[in-house]
There are 2 protein chains.
Amino acid sequence: MLCHYHGAVDTPETSVLGDPRDDDLALGLLLATAHFNSRERLGERLRPFGIEVRHFGVLSALHRHGPTSQRHLSELLDLDKSAMVRIMDELERSGLAARNRAAHDRRAYAIELTADGRERLRSAQAEAATVGREVFGWLRPADRERLVGLLEELVARTEPSSPG
Amino acid sequence: MLCHYHGAVDTPETSVLGDPRDDDLALGLLLATAHFNSRERLGERLRPFGIEVRHFGVLSALHRHGPTSQRHLSELLDLDKSAMVRIMDELERSGLAARNRAAHDRRAYAIELTADGRERLRSAQAEAATVGREVFGWLRPADRERLVGLLEELVARTEPSSPG
DNA sequence: TATTGTTATACTCTATAACTATA
DNA sequence: TATAGTTATAGAGTATAACAATA
């Protein structure tokens, strides 16, 4: 769709939008497309591992933090706790992670990667690194530095709390 | 969420992600956040006009093209035709556009802006231009040129048909 | 037969509120 | 009373297939 779309973005007829060099909405769409495409490319390549993009961050966080409560995990990743329930259901069903009861607090879980989860995460991380190189590897260091700098400035200026 | 999120992005704990200058997933999240924030800022400012972002593109296209079939409109904006039905229902309900039957083809509509729609679109476009300046106006021409160039290259390289 | 538009359905992603069991 | 987790529900998005009326 026009300007800042959340779904698939094929090139619409040019008459609807201008050049992103002059047209702010066209620049917004360009951002949306860059985001959408890169996410899609990652998703396609993780899927053969039985891992969706939404799982990948959770698995990585588990790998870094070790046994963690579901609550802490959702805070780490800034995910809603009900979304976390669904994701953990999926991870448990596919045998990547397990919900064990925490010893010190019987309300909480101690969520852990399974052995299989650890192994599949390792493969998925290698694949993600490859995708990362394919998607961003062409950026020369100076270009990447500039891109990151501009995007960070943009994000800072569009933060909800930010001054218009 | 981690890497390429489709929803709200607050800064997660830093331990989950690295620096977008080195970490591809962090750069993906930065893209997602830039997109999400700028879309949110536009949405907030259009809402007082009773216009959602998804309506804005349709109204603009109607303004440019004059009476148009629903089918053509969905092609123009690369929207699914069933999504188009819902959006048109909303636009009709809020009195911004009307579905008249096409004279030459009684299956099709000749969709038009109402007088009220034309007027509210004009105000909304002025507001959108203001938001555009707030969001992107700080970019010096050379910066914007670079940003657009890099994003276009990124999009070209991540197009579904594109070579890895 | 093909096309315009509608409906029904389904899936992803988010967010809220109400609930349970513990603390 | 507060917290950990679950459930139900809602909403914004998308996509598909089946269908009516018309061409």
Side-chain angles (χ1 to χ4, degrees), chain A residues 1-10 32-33 35-36 39-40 42-44 46-47 52-58 67-92 97-111, chain B residues 1-10 32-33 35-36 39-40 42-44 46-47 51-58 67-92 97-111 160:
Chain A
M1 217 279 266
L2 202 64
C3 49
H4 312 259
Y5 182 51
H6 271 235
V9 184
D10 277 346
T33 310
H35 161 223
F36 181 81
R39 189 187 208 274
E40 280 298 293
L42 179 61
E44 283 169 6
L46 291 183
R47 206 150 297 135
E52 299 291 321
V53 176
R54 65 177 173 277
H55 302 142
F56 190 62
V58 175
T68 312
S69 77
Q70 198 165 304
R71 177 66 166 184
H72 184 219
L73 213 43
S74 68
E75 279 163 5
L76 274 175
L77 297 160
D78 194 45
L79 276 172
D80 189 86
K81 62 180 177 168
S82 68
M84 199 63 234
V85 171
R86 181 173 53 84
I87 293 176
M88 270 310 305
D89 287 349
E90 293 168 349
L91 291 178
E92 225 173 14
R99 293 194 247 222
N100 308 311
R101 279 290 162 194
H104 58 289
D105 183 344
R106 279 156 50 202
R107 295 173 304 178
Y109 290 134
I111 293 173
Chain B
M1 217 278 265
L2 202 63
C3 49
H4 314 257
Y5 181 50
H6 270 233
V9 184
D10 277 347
T33 311
H35 162 222
F36 181 81
R39 189 186 207 274
E40 279 297 295
L42 179 61
E44 284 170 5
L46 291 183
R47 207 152 294 135
I51 294 178
E52 299 292 322
V53 176
R54 66 177 173 276
H55 302 142
F56 191 62
V58 175
T68 312
S69 77
Q70 198 165 304
R71 177 66 166 187
H72 183 218
L73 213 44
S74 69
E75 279 164 6
L76 273 175
L77 297 161
D78 193 46
L79 276 172
D80 189 87
K81 61 180 178 169
S82 67
M84 197 64 232
V85 170
R86 182 173 51 85
I87 294 176
M88 269 309 305
D89 287 348
E90 293 168 348
L91 291 178
E92 226 173 12
R99 290 195 249 222
N100 307 311
R101 278 290 162 193
H104 58 290
D105 184 343
R106 278 155 52 203
R107 295 171 305 181
Y109 290 135
I111 293 172

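Reminder, nothing fancy here: chain letters follow the sequence lines and each chain counts from 1.
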Visitor: With a 4.0 Å cut-off on heavy atoms, is A/Arg99 in touch with a base, just the backbone sugar-phosphate, or nothing at all?
Guide: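 Sugar-phosphate, no base atom in range.
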Visitor: Pick base, sugar-phosphate or nothing for B/Ala108, based on heavy-atom distances below 4.0 Å to the nucleic acid.
Guide: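 Sugar-phosphate only.
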Visitor: Got a sec, which residues hit side-chain hydrogen bond (donor to acceptor under 3.5 Å, both in side chains) with A/Gln70, two or more places apart in sequence or on another chain?
Guide: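 With neighbours one apart ignored, the set is A/Arg99.
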Visitor: Between P on C/dG5 and CG on B/Leu73, what's the gap in Å once rounded to a whole number?
Guide: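 That distance rounds to 9 Å.
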Visitor: To the nearest Å, give me how far apart CG (B/Asp89) and P (C/dA8) are.
Guide: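 Result: 12 Å.
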Visitor: Give the B/S/- string for nucleotides 18-23 of chain C, one per nucleotide from 5' to 3', where a protein heavy atom under 4.0 Å of the base yields B, of only the sugar-phosphate yields S, and otherwise -.
Guide: ---BBS
Visitor: Rounding to a whole Å, what distance do you find between B/Ile87:CD1 and C/dG5:P?
Guide: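 Whole-Å distance recorded here is 14 Å.
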Visitor: Quick one: B/Asp80 CG to C/dT6 P, roughly how many Å, whole number?
Guide: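 It is 13 Å, rounded to the nearest whole Å.
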Visitor: Look at A/Arg86 and D/dT9 and indicate whether a side-chain polar atom (N or O) is within less than 4.0 Å of OP1 or OP2.
Guide: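 The answer is no; no side-chain N or O of A/Arg86 sits under 4.0 Å from OP1 or OP2.
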Visitor: Write down the distance between CE (B/Met84) and C1' (C/dG5), rounded to a whole number of angstrom.
Guide: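 To the nearest whole Å, that distance equals 12 Å.
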Visitor: Considering just the side-chain nitrogens and oxygens of B/Tyr109, establish if one lies under 4.0 Å of OP1 or OP2 belonging to C/dT6.
Guide: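 Answer yes for this pair, as a side-chain N or O of B/Tyr109 is under 4.0 Å from OP1 or OP2.
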Visitor: With no angle test and no hydrogens, is the base of D/dT6 tied to the side chain of A/Ser82 by a donor-acceptor pair under 3.5 Å?
Guide: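 Checked by distance alone, the answer is no.
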Visitor: Out of C/dC13, C/dG5, D/dG13, which nucleotide sits closest to the side chain of B/Gln70?
Guide: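 It is C/dG5.
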Visitor: Quickly work out the B/Glu90 CD to D/dA12 P distance and round it to whole Å.
Guide: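 Taking atom P of D/dA12 as the reference, CD of B/Glu90 is at 7 Å.
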Visitor: If you pin B/Ala83 and A/Arg101 to their nearest nucleotides in DNA chain D, which one's is more 5'?
Guide: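 Whichever sits nearer the 5' end wins; that is A/Arg101.
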Visitor: Taking only side-chain nitrogens and oxygens of B/Arg54, does any of them come within less than 4.0 Å of OP1 or OP2 of D/dG11?
Guide: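 No, no such contact exists.
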Visitor: Within the pair B/Arg71 and D/dT22, is there a side-chain N or O less than 4.0 Å away from OP1 or OP2?
Guide: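 Negative; the distance criterion is not met.
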